[in-house]
Amino acid sequence: MDQTQLKIKEFLSRFFKSHDLQPDEDIFALGFVNSLLAMQLVAFVEKEFGVRVEDADLDLDNFRTINSIASLVARKQGAAA
Amino acid sequence: MRLELNPQQRAARDEFRAFVAAEIAPHAAQWDREEALPPAIVRRLAEKGYLGTIVPRELGGPGMDMITYGVLTEELGRGCSSVRSLLTVHDMVCQAIVRWGSRAQKESFLPRLVRGEILGAFALSEPNAGSDAKGVATTAEPDGAGYVITGRKRWITFAQIADLFLLFTQCEGKPTAFLLERDTPGLSIEPIRGLLGTRASMLGEMVIEGCRVPAGNLVGRIGFGVSHVVAAALEQGRYSVACGSVGIAQAALDASLAYSRERTQFDKPIFDHQLIRALLTDMIVQVRAARLLCYRAGWMRETGDPLAFAETMAAKYYASTVAAKVATDAVQIHGANGCSDAFPVERYFRDAKVMEIIEGSTQIQQMVMPRFEFPEL
């Protein structure tokens, strides 16, 4: 995993300490996501990676796995560059 | 670590305090009795630039920092909880649009909300849906280039005068938020009177009968109405209510300190009776602790800390319970006078109780807070 993926994994690990989350593992299918995590995840992505999550990004597929979150970050950083 | 306001924030607090002392506090009891705010005070809030202060500069707002915003809501809450309520719901709508609105929504609505040309209101609660936000029964059905909304909303703060409603529905069976303008055909609003507290908040019940809204009025995406739009608006609302609760508590404390020095029993001011001092001491410490929690939540919100959500909830939980406790003790210190509307503490007592119910009841916070400490499911 690269730095972005590792940071995402570290953040998500707070929500399921007893599970070793894999890069392509569906966090929704694991049942770990609730409304408490939803806004914290948005705030984490924005603060950690300096991007702005917008209304058009509200798609569960953008937040489904470590890799999909990392892809969202890369796209947002690329768009901002 | 410096737990104090900076010079700019202190100057802002002095300005807010002077405004509230001159134009709000002297009239709060009358507004409470009349169950309405006069249009003139709403205009004054707009003229002073106190509406939509959280809207960032790049979107046409003043971009007030979160600590100063907290101070503003505390000072308004100290003078009149209904005026504070106006700010709370207006800014919740602003925050939802800032956070999840489309570019067109931001350009169309935010400048007018900031200037106070339109007032916003938060339309979530229904006759059978309060704490359970996902349980709303109002529906939005796709229809041509837009949606048709049908349902009923109850307990909507400032519905009597609001121009723009952030409305929560079920769309395709999923929680979804829309902006609904007041002049939309099919919308009627009935005033709700006879409330316990924040009586001048001009609550209303909205009857929504086939209101047609354009697709562009959808906020966020279908299915994200509660997890993201409600969450963003309520976080803003909780912060505002937390700071407003500190304002009520401070007002109740100030009134109690003054009264206890003037009121004489057993040949000395009641201030000199030990049990009154004990009550005052608890009030002083609780107000300070609640304010510190608000400052901390404000700082975390200002810096975009992912844990600000939990901290804001803690601040709202504690500050609202402190407001209720301190206002109760203030009535106790005032004795029979405290039960009379000739003294302000009975109004603080009624207003404080409302704080424990709105923007997530005390019991909802108690259900949720421990999960932040042990979040894995």
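In the text below, chain A, chain B and the rest are named by the order of the sequence lines, each starting its count at 1.
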Sole candidate of A/Glu48, A/Gln40, A/Glu46 that passes side-chain contact (heavy atoms from CB on, under 4.5 Å) when paired with A/Phe44: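 With A/Phe44 as partner, A/Glu48, A/Gln40, A/Glu46 yield a single side-chain contact (heavy atoms from CB on, under 4.5 Å), made by A/Glu48.
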Contact leader toward chain A among B/Thr303, B/Val219, B/Val230, where contacts are heavy-atom pairs under 4.5 Å: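 Between B/Thr303, B/Val219, B/Val230, the count favours B/Thr303.
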Chain B contact via A/Leu41 - which portion, at a heavy-atom distance below 4.5 Å: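 When you check distances to chain B, no heavy atom of A/Leu41 falls under 4.5 Å.
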Residue A/Val45 versus chain B: region with a heavy atom under 4.5 Å: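 No part of A/Val45 comes within 4.5 Å of chain B.
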Salt bridge flag under 4.0 Å for residues A/Lys76 and A/Asp57: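 Looking at A/Lys76 and A/Asp57, the cut-off is met.
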Lys/Arg N to Asp/Glu carboxylate O, B/Glu126 vs B/Lys153, below 4.0 Å: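 Counted as a salt bridge, because a side-chain N and a carboxylate O are separated by less than 4.0 Å.
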Test item: B/Tyr69 and B/Asp91 side chains (from C-beta on) under 4.5 Å apart, heavy atoms: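 Yes; the side chains approach each other to less than 4.5 Å.
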Leading residue by heavy atom contact count with chain B [cutoff under 4.5 Å; candidates A/Val53, A/Leu58, A/Asp59, A/Asp55]: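 Result: the option with the highest number of such pairs is A/Leu58.
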Under 4.5 Å from a heavy atom of chain A, the part of B/Ala232 involved: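 Both parts, backbone and side chain.
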Per-residue contact mode, B/Arg99 against chain A (heavy atom under 4.5 angstrom):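 B/Arg99 touches chain A through backbone and side-chain heavy atoms alike.
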Donor on one side chain, acceptor on other, A/Asp24 and A/Gln22, under 3.5 Å: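 No, A/Gln22 and A/Asp24 have no side-chain donor paired with an acceptor closer than 3.5 Å.
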